[in-house]
Amino acid sequence: MFCAAVDWGTSSFRLWLLDRAGMVVAERRSDEGMQHCHRVGFAPVLEAHLAAAGAPAGLPVMICGMAGARQGWQEAGYLDLPARLDTLPEQAIRIAAAAREVFILPGLAQRRAEAPDVIRGEETQLLGALDASDDTRLFCLPGTHSKWVAVEHGAVTRFATFMTGELFALLSRHSILAHAMPQEMEVREDAPRFLEGVEDGASAPEAATRRMFGLRASQLLGFSDRADGAAYLSGLLIGVEIAGARAFGDGEKALTLLASGPLARLYERALTVHGYTVATRDAGEATRRGLHQAALRRWPHCAPTEAAS
């Protein structure tokens, strides 16, 4: 056994025990994210999952995500752009009070007054998704806060964040549009109302808030069904994101999509409809691979427990 790799989000926790080749020996996941750990502490949660997964006492841990935020276990700071992804492990901070070697990777900061932005967690996905140190690509990483990232010769040069997922959650649960949503909000990528929403959002983003209210009005007046509400709202917000990302991409139409499950399928369809050539890679796999690469650079020889395991 080589190391433990942890993706620690705001509301989620995922741990893998990895051998030196990066193969998964054991895995744990829960909803014990940063918000939960504010109450019970980070160290107890980590050690409980390590014990349940069968980790040796001295196994080192590499962490990415919100555990390194200002409100997290210990702030890991940010690397300023342009930032080579292969230098992330050198800037990882160590948790001095931990019972074992525990390191948290830093995020990335775009310190531009006209476009301030930060990344925490996605930088590790990008590290795991790169095929070579000189990779030059455009990436889309959808989620609560979707990221569009330009990588040139292995360095992140710029990125943009779109609050697509968070807006969908807020609007569908805590606004008047909650009355326009079905009980089951699973959205299919081939649903006509989803595709209609994508087109409306991408072609006229300035009309998005009007169309949002129109979604509710349309149901009240009998022009549409509640069953299609989530599909249309999801498509509309993704379409607005695509409209905003056009300028960011400088016309580039080939991109790597880092996503998993239904979200990957929705973005694949929406991007393809708007002329993008999409290569999809699993987001969880990219995170795990990035953490493994960071661990190899931090511990280039043998993990403390490797000889004994």
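Atoms considered below: every heavy atom in the structure, side chains included; atoms not considered: hydrogens, waters and symmetry mates. Everything quoted here is computed from the prediction, not taken from an experiment. Positions are given from 1 along the sequence.
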Close side-chain approach of E123 to L88, heavy-atom, < 4.5 Å: yes

pair R14-V6: side-chain heavy atoms closer than 4.5 Å: no

Exercise: do W299 and E101 side chains pair donor with acceptor under 3.5 Å: yes

N/O donor-acceptor pair under 3.5 Å between R100 side chain and P56 backbone: yes

Check: W8 and M66 side chains under 4.5 Å, non-hydrogen atoms: no

Nearest non-hydrogen partners of C64 and G121, listed with the distance: SG-O, 4.5 Å

Heavy-atom donor-acceptor pair, R281 side chain to A286 backbone, under 3.5 Å: no

Side-chain donor/acceptor of R120 to backbone N/O of G68, under 3.5 Å: yes

Centroid-centroid under 6.0 Å between W148 and F248 rings: no

Between T161 and K147: side-chain donor-acceptor atoms closer than 3.5 Å: yes

Beyond-backbone contact of R288 with V24, side-chain heavy atoms, under 4.5 angstrom: yes

Over all atoms of both residues, closest heavy-atom pair of L108 and A83: CD2-CB, 3.8 Å

Under 3.5 Å side-chain donor-acceptor pair for Y78 and Q110: no

Residue pairs, two or more places apart or on separate chains, that pass side chain to side chain donor-acceptor pair (under 3.5 Å) and touch residues 165-186: H145-E166

Any side-chain heavy-atom pair of V149 and T157 under 4.5 Å: no

Minimum heavy-atom distance G54-L17, with the two atoms named: C-CD1, 4.2 Å

For the student: nearest non-hydrogen atoms of L127 and G290, plus distance: CD2-O, 3.5 Å

Pair T280-E268, side-chain donor/acceptor within less than 3.5 Å: yes

NZ or CZ of R298 within 45° of F103 ring axis and under 6.0 Å: yes

Side chain to side chain, Q91 and P106, heavy atoms closer than 4.5 Å: yes

L257 versus A264, closest heavy-atom pair with distance: CD2-O, 3.7 Å

Modelled atom types, side-chain donor and acceptor of T164 and E241, under 3.5 Å: yes

Sub-4.5 Å side-chain heavy-atom contact between S12 and E32: no

Sub-4.5 Å side-chain heavy-atom contact between L237 and M212: yes

Donor-acceptor pair, side chain of E252 and main chain of A254, under 3.5 angstrom: yes

Verdict with supporting geometry, Y276 and C140, side chain to side chain contact (heavy atoms under 4.5 Å, CB included): CA-CA 11 Å; Y276 287 89; C140 173; over 6 Å; no

Under 3.5 Å donor-acceptor, D282 side chain and G284 backbone: yes

Pairwise distance CE(M185) to CG(L233) - rounded to 0.5 angstrom: 9.0 Å

Presence of salt bridge, R29 and D7, under 4.0 angstrom: no

Parallel, tilted or perpendicular: ring planes of F42 versus W73, cut at 30 and 60 degrees: parallel

For E199 against H274, the heavy-atom pair lying closest together: OE1-CE1, 3.5 Å

